[in-house]
Amino acid sequence: MPEVVLAIDVGGTKMALALVDDEGTVLADDVRPTPAEPDPLRVVAPLLVGIAEILAQLPAGPEPLRVGISSAGPLDGPSGTVSPVNIGAWRGFPLVEHVQRAAGEASGRRAVVGLANDGHCFTLGEHWLGAGRDVGSMVGMVLSTGVGAGAVLEDTLFSGATGNAVHLGHISVNAWGARCVCGGHGCVEMYARGPAMVAAAQQRGWTGGDDARALTADARAGDPIPLAVIDEGMRALAAGIATTATELDVTTFVLGGGVSRAGEVIFGPLRRHVADFAALPYVRDLEVRPAVLENAGLLGAAALALRLDPDAP
Ligand SMILES: [Zn+2]
C-alpha cells in the first residue's frame, strides 16, 4: 500500500493542505485564507481546523504519520519556529509544535513533523516531480515579490544549520549598493524582485501599471523602459545564479514564481546574462529551466515528509 503523508504550505495570503501518496498523487486538498490578525493563535486556528478535517479522511493505522510543512521565511529549523516576513503575527511562532499536536490528535497516531522554508520546498517539489526530476543536484528559485531559493545536492536537501541555506535573493551583487531590508547591501532581490523592477520603471517615467504583469506585458510589446529594467533585474539575478553555481558546483537551475511565468521576456535576458557571468569551465553549461509544477511548494512539503525518519522522536 502506498504511504500517505500530510503536506502543508503556509504563505502570507493562503494556507494549503494535502494528503499526498509516495508517488506524488494528491488524494485530498484544502486551501484557506491566512487571517490578517495580530493574534498568533487566531492566525493558526484555520490551519488546525483544516488538519483535523483532512485527516478525518485518512484511515487509522499503527505507524507514525509523517507531516511536511513549507513556510515563508525566515524560520528556525531546529526549534521549529517561524517568523514569516509576510505574517506579522508570527515571530518565533512554534508552528511545528501546533501542527504536531493537531495532527496527532486528529489521526490518533504519533506525528513526525518536518519544517522547511518555501524556497527549499519549491526545490524539493521540482526535483521530485518537476523540471529537475532527471538530475541529482539542482537549485530552485522563486521569482515573485521576493526571490526565494533552495538546493538539492546529490538528492539531499541542503538545509543548512538553521534551515535557510542558499538564500540567493540576499546574495550581494553590488558591494557598493544601497542598504537592503536584510541589512546587507546591493542584494539580488533589490534589483530582481517584481516590485523592485516596477518601481525602477516608474522612476524612469513608465506609466503602464503598478505590477510585474503589466511590466512584462509592456516589455513584450517592445516598450524600452520595461525592457531596460527587466534586463538590469535579470543581470542581478544572473550574477546571483552564477555565484551560486560557482560555489556549489551545480549547473541545473529551475526558475518558478509569478514573474517567471511571463516567459521569454524574463528567460531571454536572464540566460544571456548568465552566459556572461558563468565563465569557469565547470559552470559553462549552466542551464536555467522554467518550473513545470503549479503546486511545487505543497508537493515539496510532501517530499520533505517522505524524507523524515518515522522513528524520530
Ligand atoms: Zn538583502
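We count ligands from 1, going down the list as the structure has it; atoms in each ligand are counted the same way.
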Practice task
Salt-bridge test for Glu105 and Arg101: reply yes if a basic N is under 4.0 Å from a carboxylate O, no otherwise.
Solution key: no
Exercise for the section: Taking only Lys NZ, Arg NE, NH1 and NH2, and the carboxylate oxygens of Asp or Glu, determine whether Glu264 and Arg272 approach each other closer than 4.0 Å. Expected result: no
Problem - Short N-O contact, Arg220 and Asp218, less than 4.0 angstrom - result: no
Handout entry: Aromatic ring proximity Phe158/His120, centre distance under 6.0 Å
Key = no
Exercise for the section: Would you mind listing every ring pair (Phe, Tyr, Trp, His ring centres under 6.0 Å) that reaches into residues 228-273, with sequence neighbours excluded? Expected result: none
Fill in the blank from the handout: So the protein N/O/S atoms within less than 2.8 Å of the Zn ion (ligand 1) come down to His170 ND1, Cys180 SG, Cys182 SG, Cys187 SG
Handout entry: Distance, nearest 0.5 Å, that separates OG1 of Thr25 from CG of Leu19
Key = 12.0 Å
